Trainee: 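Dropping the structure in here first, questions after.
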Protein chains: 2
Amino acid sequence: MPERLAGTPREQILDAAARLFSSKGYAATSTREIAEAVGIRQASLYYHFAGKGEILSELLCQTVRPTVDSVAQIESLTDDPGVALYLVASTDVRTLATAPYNIGLLHLAPDVAQVEGCDGFTAARDELAVTYARLAEPITSPDVLGSVGPARLGEKLVHTVEEVIGCRNAGRRIGVDEAVWIASSCLRLCGVDSARVELVVKTAATLLDRADAGAGPAGRQ
Amino acid sequence: MPERLAGTPREQILDAAARLFSSKGYAATSTREIAEAVGIRQASLYYHFAGKGEILSELLCQTVRPTVDSVAQIESLTDDPGVALYLVASTDVRTLATAPYNIGLLHLAPDVAQVEGCDGFTAARDELAVTYARLAEPITSPDVLGSVGPARLGEKLVHTVEEVIGCRNAGRRIGVDEAVWIASSCLRLCGVDSARVELVVKTAATLLDRADAGAGPAGRQ
DNA sequence: GTCTATATCAGGATAGAC
DNA sequence: GTCTATCCTGATATAGAC
């Protein structure tokens, strides 16, 4: 245990804010509480952040950045859009499931949606929806595409992955089986049948194993 | 247009609160704003409600009551659990989609989850999850049941229907096609294939037509 | 049933010492 | 970089007149 119980003051603030925001809500959390949790005075927060909104903004970005960044790498692994979709969804699930606190909850809340200066987050999230749409379209059955169209389907798949948020909010942690099920829900919703879903899941698993092996032991982290 | 632009003061307050809560968030909405929207003074709210929390509680209950109440009637229409599941989901979708404001958003927000005295709502919502689970289990494919189990599947179907909330939150209204798709998503997630989904949707539609005809013109509302 | 008036308290943010 | 001190605003809820 060579590390301190926390990192830089900035990281400590973000961690405390994440815990409080996700448990009490953004508007209902005071900057005093955040400061107290870190062990500094309320006014000292303003040295590290311009205000409450900037703390929130940074936290929101952390929920999407890893997934957005992973897309290029995933697409270099496979040409099968179904497998790619599943892998992106899996990354998304993992990011949301393993974050120290359930901050994914926040962006749905109206008080959060009203905060200005979160453009980076909304842009990244929109980009993610477009990616989901692009990958989903070629594997989606005609009746589904006819009902919702590609763009809305993308949004809906993003929402589907955010099922993780609901699970965590219910107090449960997400196991491997559940993570697989949520990611594969994206395929099911496109109209892919159970047999093919299982095939994609297996293909994706072997692909990841190969990639991990190629990246060396560090890939396991 | 024989009605006044609003009903009783109590209803006016609930309507204004619903609009403000769903757009700004619960904690971020002041009782002053609610009163102002109704055209009375802030203190006058306390004649109609014990406090801010009681207004919220009533609004939350309105989002689940119609669906919970419809279950018995739906189960008297059919013995096919798949059709019943689809009909319950459709009722749920309709309730969430046609409410004057998107109050379904609220229960997800942490500031709302913290409010005491919403037991009626949480109990009704839990009951709904159990119903979804009971109807879904017999039609769910083994691989899906093996991954998540019936109870969690019930929760997940509730969340699936709540996709409506996300749609409305994105500023879109829910069309018929989209409503059908969301309700049938419950079947797809259980592992039901596209052909059978379409069959269930058609069966449900004819069942409803018959029920409406039996109930007389009032059934159309 | 609605009002005025007010008690009580907590919020975010800034100024300036150290 | 953190502190103290404070400003200013706005919150919920109550008391009591009409």
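In what follows, chains carry the letters A, B, and so on, assigned in the order in which the sequence lines appear, proteins first and then strands, with residues in each chain numbered from 1. Nothing here was measured: the structure is a model prediction, and the numbers come from that model. Values reported hereafter were calculated over all heavy atoms of this structure, with side chains retained and with hydrogens, waters and symmetry mates removed.
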Trainee: Under the criterion salt bridge (Lys or Arg N to Asp or Glu O under 4.0 Å), I'd like the reasoning laid out for Arg41(A) against Glu36(A): C-alpha separation, chi angles, the key distance, then a yes or no.
Mentor: CA-CA 7 Å; Arg41(A) 297 294 182 178; Glu36(A) 197 174 349; over 6 Å; no
Trainee: Could you tell me how far apart Ile40(A) (CD1) and dC3(D) (P) are, to the nearest whole angstrom?
Mentor: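 After rounding, the gap between these two atoms is 6 Å.
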Trainee: Is there side-chain contact between His107(B) and Thr63(B), with at least one heavy-atom pair below 4.5 Å?
Mentor: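 Contact flag for His107(B)/Thr63(B) side chains = no.
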Trainee: Could you walk me through whether Arg172(A) and Glu155(B) pass the salt bridge (Lys or Arg N to Asp or Glu O under 4.0 Å) check?
Mentor: CA-CA 12 Å; Arg172(A) 284 190 279 109; Glu155(B) 285 179 40; 2.6 Å; yes
Trainee: Please determine if a side-chain N or O atom of Ser30(A) lies less than 4.0 Å away from the OP1 or OP2 oxygen of dA10(C).
Mentor: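 The answer is no; no side-chain N or O of Ser30(A) sits under 4.0 Å from OP1 or OP2.
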Trainee: Separation of Glu36(B) atom CD from dC3(C) atom C1', in whole Å?
Mentor: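 Nearest whole value for this atom pair: 16 Å.
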Trainee: Figure out the CD/P separation between Gln12(B) and dG1(C), and round it to whole Å.
Mentor: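 Computing the Gln12(B):CD to dG1(C):P distance gives 13 Å.
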Trainee: Between Gln114(A) and Asp111(A) (side chain of the first, backbone of the second, donor and acceptor by atom type, cut-off under 3.5 Å), is there such a pair?
Mentor: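 Here the side-chain-to-backbone pair does not exist.
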Trainee: May I ask you to list the residues of residues 41-60 of chain B, by number, that have any heavy atom positioned under 4.0 Å from an atom of DNA chain C?
Mentor: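 Of all residues in residues 41-60 of chain B, the ones placing a heavy atom under 4.0 Å from DNA chain C are Arg41(B), Ala43(B), Ser44(B), Tyr47(B), His48(B).
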Trainee: More than 12 heavy atoms of other residues, nucleotides or ligands under 6.0 Å from CZ of Arg134(A): yes or no?
Mentor: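 For Arg134(A), atom CZ is crowded (more than 12 foreign heavy atoms under 6.0 Å).
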Trainee: Base, sugar-phosphate, or nothing for Thr8(A), non-hydrogen atoms under 4.0 angstrom?
Mentor: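 Nothing, no heavy atom under 4.0 Å.
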Trainee: Can Arg173(A) and Glu178(A) be said to form a salt bridge (Lys or Arg N to Asp or Glu O under 4.0 Å), step by step?
Mentor: CA-CA 9 Å; Arg173(A) 271 184 313 161; Glu178(A) 201 161 359; over 6 Å; no
Trainee: Quick one: which of dT12(D), dT6(D), dT2(D) gets closest to the side chain of Arg32(B)?
Mentor: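 Given the options dT12(D), dT6(D), dT2(D), the side chain of Arg32(B) is closest to dT12(D).
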